[in-house]
Amino acid sequence: MVDRKEIPMAMGLLAVLLFFVASSSFHLVRASDDAEDAIFYESFDEDFEGRWIVSEKDEYNGVWKHSKSDGHDDHGLLVSEPARKYAIVKELDESVSLKDGTVVLQFETRLQNGLECGGAYLKYLQPQESGWKPKGFDNESPYSIMFGPDRCGATNKVHFIFRHKNPKTGKHVEHHIKYPPSVPSDKLSHVYTAIIGNDNEVRILIDGEEKKKANLLSSEDFEPSLIPSKTIPDPDDKKPEDWDERAKIPDPEAVKPDDWDEEAPKEIIDEEAEKPEGWLDDEPEEIDDPEASKPEDWDDEEDGEWEAPKIENPKCEAAPGCGEWTRPTKRNPDYKGKWSAPYIDNPNYKGIWKPQEIPNPEYFELEKPDFEPIAAIGIEIWTMQDGILFDNILIAKDDKIAESYRETTWKPKFAIEQEKQKAEEEAATESDGGIAGFQKKVFDVLYKIADIPFLSGHKDKILELIEKAEKQPNVTIGVLVSIVIVFVSIFFRIIFGGKKPAAKVEKKTTTEPKEPSKKDSGENEDNKDKEETSNPPRRRTRRDN
């Protein structure tokens, strides 16, 4: 229930919000009308037809639409159908060089129906001389940079990929940023910014907040590294036939001791065991169910003689056991198993063989990437969701310009969407006891945790668990527990460096055999049968009829 005292305050906040939106509308118009400080800007205030070229390739049958963003008067470029391929391109009036000064790439997307499997990224294309045509634009069209969100299965990342020509081979190689940030999981408008600096640094921002910083020349930040290694393994080098890689070998001089009995059984009857007091020898473990009766439709000729189903004998519940008692088995103290020679250091050991290193014919040096210029902007995606809206695509030479556009085009819309989402969550919280709102907050925190750098090696597994919890609200708690266990396991592994050796336990003479070790896994089934006979007979469960 809403406190009536809070209504005037809520009305006041609403009035302030409406004033803010009204004042922001002026900035929205200004940003789209006055773009002199931008190299390129597309607001989609006007229909894209005649300015953007849709690919005529047969497989790109998705229909683009000029549409309003849900809840706004602002228009964008809409992916209108699910399970389709889409391709559209816009040629720039002049090519943009990426070699000198700062270049800022920025655009907005809104995943109005979510994004379970699909892309929402942009490709910044090379000049057409590199081998592509606007009406034939497809996934093979050469680009300089690919940037933006992509999500499907375990993939959940904001791509930043740049293509670079190896000056030695003339081949273009794709270089992917390592450990990219995750895609926001909500359905709000988000703005993605890539700032390519003159110092070889690239910064990835989401909603104006820096999520990733990398160096274009660093092998720690990009895979594969832009600059190849100086040497490579010689592909023609072969391992000598007499090369011995065995660090340990069986001792050739070792002899099996005379008293080593390989035939001694692993388990023997425990002659010291005594039948527990109160054991009911004459009572069966199971008896006919006294409450069962022969079904009326039972035909002895067709179905055979009817037998009542069995139940556990109630007299055995209070007793240590029923039926014929037999002595359990115990581990044979004389058991040694099959003898094998102990291992010693191999005198002929030469180490693990590796081919010798030779100079890499593809190696080169440079101080800056030799980027191809950007001549067009293309959207080439495959997606299982519709409702993806692209808006306010910007190329600028100053990150301050990009920041100004975020403040005037994205931020007012985002504020409205946040308020709407908050109201919906509060309504859902009141209707379901707070579970929906709690889950949303938990997922937001988990996605942020998944972006922590030291968890990068486990990111795919963590994201997969989070996505399962989102898709199945009825098992959210169970999946969340699994995620917490993963986090804790990773934390302890990092802190303590893996598992500690198990503490030694004194051997005790008991009627239960020692549990088989991992190296005895081939004998697990036999050991299981033996374990069952090592204890007093246990009551069987009720048989199914």
Side-chain angles (χ1 to χ4, degrees), residues 79 82-86 109-123 139 145-162 173-188 190 192 194 202 204 206-207 211-214 219-225 379-388 439-494:
V79 170
R84 293 284 188 273
K85 286 186 175 181
Y86 292 80
T109 60
R110 186 179 184 189
L111 312 175
Q112 296 177 116
N113 297 325
L115 184 63
E116 293 183 5
C117 192
Y121 42 77
L122 269 57
K123 290 183 175 180
N139 65 325
I145 292 176
M146 181 174 129
F147 172 52
D150 187 16
R151 189 173 184 179
C152 192
T155 299
N156 186 332
K157 64 181 71 174
V158 177
H159 287 291
F160 184 88
I161 307 170
F162 71 90
V173 179
E174 289 184 356
H175 303 275
H176 297 242
I177 198 168
K178 291 183 178 181
Y179 315 125
S182 299
V183 181
S185 59
D186 54 46
K187 300 178 182 180
L188 309 181
H190 293 282
Y192 298 89
V202 58
I204 307 299
I206 301 178
D207 298 343
K211 296 293 185 179
K212 179 73 177 180
K213 181 187 292 186
S219 61
E220 299 293 324
D221 293 333
F222 282 89
E223 177 65 35
S225 174
I379 306 175
E380 185 274 317
I381 58 174
W382 174 88
T383 178
M384 294 301 292
Q385 276 72 48
D386 58 356
I388 301 174
Q439 288 176 333
K440 176 65 173 61
K441 292 177 182 179
V442 170
F443 288 132
D444 288 344
V445 172
L446 290 176
Y447 274 114
K448 290 180 180 179
I449 292 175
D451 281 334
I452 297 175
F454 80 82
L455 294 176
S456 56
H458 308 272
K459 183 175 179 179
D460 288 347
K461 182 177 181 181
I462 294 170
L463 291 175
E464 184 178 356
L465 288 171
I466 296 173
E467 288 168 4
K468 284 182 179 179
E470 282 187 303
K471 294 176 183 177
Q472 304 179 58
N474 57 318
V475 296
T476 294
I477 300 301
V479 178
L480 292 180
V481 171
S482 300
I483 295 171
V484 171
I485 292 173
V486 171
F487 287 157
V488 172
S489 300
I490 295 170
F491 176 77
F492 277 99
R493 189 173 301 170
I494 292 172

Separation of F162 CZ from I177 CD1 (nearest 0.5 Å):
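I177 atom CD1 to F162 atom CZ measures 9.5 Å (nearest 0.5 Å).
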
Measure the spacing between CD1 of I381 and CG of D150 and express it to the nearest 0.5 Å.
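Separation between the atoms: 9.5 Å.
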
Partners passing side chain to side chain donor-acceptor pair (under 3.5 Å) against E174 (at least two apart in sequence or in another chain):
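Per chain and number, E174 pairs via side chain to side chain donor-acceptor pair (under 3.5 Å) with Y143, H176.
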
Report the residues that fulfil side chain to side chain donor-acceptor pair (under 3.5 Å) with H190, sequence neighbours left out, ordered by chain and then residue number.
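Testing H190 for side chain to side chain donor-acceptor pair (under 3.5 Å), a comparison that skips the adjacent residues, returns D186, D207.
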
What residues form a side-chain contact (heavy atoms from CB on, under 4.5 Å) with [X], not counting sequence neighbours?
| X | value |
| --- | --- |
| Q385 | L115, E116, T383 |
| D221 | A214, N215, S218 |
| S225 | S219 |
| P82 | D386 |

K187: partners by salt bridge (Lys or Arg N to Asp or Glu O under 4.0 Å), with sequence neighbours left out
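Result, salt bridge (Lys or Arg N to Asp or Glu O under 4.0 Å) vs K187: none returned.
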
So, for [X] and [Y], which heavy atoms are closest and what is the spacing to 0.1 Å?
| X | Y | result |
| --- | --- | --- |
| G119 | I388 | O-CD1, 3.9 Å |
| Y121 | P149 | CD2-O, 3.4 Å |
| V158 | P180 | O-CB, 3.4 Å |
| I206 | P181 | CD1-CB, 4.2 Å |

Does [Y] offer a backbone N or O that forms a donor-acceptor pair with the side chain of [X] under 3.5 Å?
| X | Y | result |
| --- | --- | --- |
| K212 | K178 | yes |
| N156 | V183 | yes |
| H175 | P224 | yes |

Evaluate the criterion side-chain contact (heavy atoms from CB on, under 4.5 Å) for residue pair R151 and S185; output intermediate values, then yes/no.
CA-CA 10 Å; R151 189 173 184 179; S185 59; 3.9 Å; yes

In sequence, state the C-alpha distance, the side-chain angles, and the governing distance for I379 and Y86, and then conclude on side-chain contact (heavy atoms from CB on, under 4.5 Å).
CA-CA 7 Å; I379 306 175; Y86 292 80; 5.9 Å; no

Heavy atoms, side chains only, cut-off 4.5 Å: are V202 and F222 in contact?
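A side-chain contact under 4.5 Å exists here.
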
ring-ring contact (aromatic ring centres under 6.0 Å, His included) partners for F160, two or more places apart
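If we apply the ring-ring contact (aromatic ring centres under 6.0 Å, His included) test to F160, skipping adjacent residues, there are no hits.
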
